Amino acid sequence: MPPPPDWVTLRLFLACLDAGSVTRAADRCGIAVSAATRRLHLLEDDLGVALLHRNSRGVRATPAGEALAVHARGLLDRVSMLADDMRAFAAGGRGSVRLHATASAITGQRLAESLAAFGARQPGIRVELTEATALTVLRALVDGRADIGIVSRAGVMPEGLVARAWRSDRLVVAMPAAHRFAARDALRYAEVLEEPMIGVLAGGSLALLLEAEAERLGRAPRWRFRVQGTDAARHLIAAGHGLAVMPEGVVLPHAAGFGLRGVPLAEAWAERQSSIVLRDGAALPAPVRLLLDHLEGGAA
C-alpha cells in the first residue's frame, strides 16, 4: 500500500488543476518549480498512475487525477474544519458551521430567525453564513467550501450532493396597492408579462425560472430595471416602475411600509420547495449535525 500523500503535495496538485500550470501552481504555493515538479512526479510514482496530462499549454487532470482531486478536496476540507474547530474550542466555543444559502432562503424562509434561535441554544457554535445564487451554493458544496447549503429550487443535483426537502413558499406579484391588479385574488403569469417588470438578481434561480416560464409561453419578461437586492426592488415597485415576482416572505412583511400588495401567482410552479443540500455520504461534525437537526426540526 503506497504511503498517503502529504498535505503540501495535495494542495500543490489541486493548485495545478486550478491554475492549469505547474509554474503558476508552484508560485501560488510558494514552492520552487523544480521542487513542485519533483513532488508531483513522486506522487504519481507512489500511486502508480498518471495524474496529469502535460503539454505545451499546461496541465490537466487524467481520470485518475480527477478522482484524486475529489478525495483531496474532501481531506483538505476536513483538515480546515479541524483547524477551525480547534481554534473555536481554544476561544471557548464548540466549533463552526459554514452555511451557504440563497437570498430567498435568508429573507423569505425565516432563516434569519432560525439562526437567531440556534445561536441562543448553541452559543458556542459559530455559523458562518454566505449568501449566494443557487448555482454558487452547489459549487461551494462540491468544492468543500460549505457544510450545508439551502436553495430555493433543488432541481437535478450535481454528483456527490443530496437534497432534503425543507420549507415551501409561494411566489407573489408585488405591486403598488393602487395598481389595477391589486384587488385580484390571483394572477396568471401571462397577465404579469403584459406589464413592465423589475428583475431581482439576474442569473439567480428565480430569475431563470421566470425567464424559462415566459419562454414556455412564447414570451419574454419586459424588464424595466434589474437590481441585485429585494429592498431596491421594493422601492422601485412602490415608485410605480413595474411589477416583480418575489417570494411572499420577501413581500408581505414589508407591504404596509412600502404601500405594496402581493397577489399570488396562480400557476402550480409558483409553489416552490426549498431544500437543504449536503454532500452525499459525508461524515458530519457535531456542530453541523446540531444545526442540521435544528433546521430540519422546524425551529424558528
Side-chain angles (χ1 to χ4, degrees), residues 100-113 129-138 149-155 167-275:
H100 289 218
T102 61
S104 294
I106 296 170
T107 58
Q109 295 284 11
R110 297 184 58 80
L111 179 59
E113 292 82 354
L129 175 63
T130 300
E131 178 191 335
T133 63
L135 182 60
T136 304
V137 170
L138 299 180
I150 300 180
V151 297
S152 298
R153 295 178 70 240
R167 295 175 179 173
S168 62
D169 69 357
R170 172 158 285 281
L171 296 175
V172 300
V173 185
M175 65 193 70
H179 193 277
R180 62 191 179 92
F181 287 156
R184 296 278 294 276
D185 292 328
L187 284 168
R188 305 296 300 182
Y189 188 44
E191 297 177 279
V192 180
L193 291 171
E194 298 290 343
E195 302 287 315
M197 296 180 65
I198 308 299
V200 181
L201 196 60
S205 60
L206 177 54
L208 295 176
L209 171 65
L210 295 177
E211 290 174 355
E213 291 298 330
E215 183 177 358
R216 194 175 61 81
L217 295 171
R219 309 277 292 282
R222 296 167 50 201
W223 302 121
R224 176 165 288 178
F225 295 113
R226 306 293 289 267
V227 296
Q228 288 297 107
T230 55
D231 189 58
R234 287 189 291 264
H235 278 88
L236 290 169
I237 298 163
H241 290 289
L243 311 183
V245 177
M246 296 193 290
E248 60 183 353
V250 172
V251 177
L252 301 186
H254 306 277
F258 282 87
L260 302 180
R261 167 99 161 88
V263 178
L265 275 175
E267 280 80 2
W269 54 263
E271 185 75 30
R272 301 192 305 168
Q273 177 70 61
S274 293
S275 298

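In this text the structure is predicted, and so the values were computed from the model without any measurement. Atom set for the values below is all heavy atoms of this structure, side chains included, hydrogens, waters and symmetry mates excluded.
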Identify all side-chain donor-acceptor contacts of residues 200-217 below 3.5 Å with residues at least two apart in sequence or on another chain.
from, atom 1, to, atom 2, distance (Å)
Glu211, OE2, Arg226, NH2, 3.4
Glu213, OE1, Arg216, NE, 2.9
Glu213, OE1, Arg216, NH2, 3.1
Glu213, OE1, Trp269, NE1, 3.2

Summary of side chain to side chain donor-acceptor pair (under 3.5 Å) pairs that have at least one residue in residues 168-177, sequence neighbours excluded: Asp169-Arg272, Arg170-Glu271

In Å and rounded to the nearest 0.5 Å, what is the NE2 to OG1 distance from His100 to Thr133? 11.5 Å

Gln228: which residues meet the side chain to side chain donor-acceptor pair (under 3.5 Å) condition with it, sequence neighbours left out? none

Quick note, side chain to side chain donor-acceptor pair (under 3.5 Å) partners involving residues 171-180, not counting sequence neighbours, are His179-Glu195, Arg180-Glu195

Is the shortest heavy-atom distance from the side chain of Met175 to the side chain of Val263 under 4.5 Å? yes

Could you check whether any side-chain heavy atom of Asp231 comes within less than 4.5 Å of a side-chain heavy atom of Phe258, counting everything from C-beta outward? yes

To the closest 0.5 Å, what do you measure between CG (Leu243) and CZ (Arg222)? 10.0 Å

So the salt bridge (charged side-chain N to carboxylate O under 4.0 Å, His left out) pairs with at least one residue in residues 242-268 (sequence neighbours excluded) are Arg188-Glu267

I want to check something: taking the side chain as every heavy atom from C-beta on, are Val245 and Met197 in contact at a cut-off of under 4.5 Å? yes

Below 4.5 Å, heavy atoms only, C-beta onward: do Thr102 and Ile150 meet side chain to side chain? no

What ring pair (Phe, Tyr, Trp, His ring centres under 6.0 Å) pairs are there with at least one residue in residues 203-223, not counting sequence neighbours? none

Apply side-chain contact (heavy atoms from CB on, under 4.5 Å) to Val250 and list each qualifying residue two or more places apart in sequence or on a separate chain. Thr107, Thr230, Arg234, Met246, Pro247

Run the salt bridge (charged side-chain N to carboxylate O under 4.0 Å, His left out) test against Arg224 and tell me which residues pass, sequence neighbours left out. none

Which residues pass the side chain to side chain donor-acceptor pair (under 3.5 Å) test with Arg184, sequence neighbours left out? Glu191

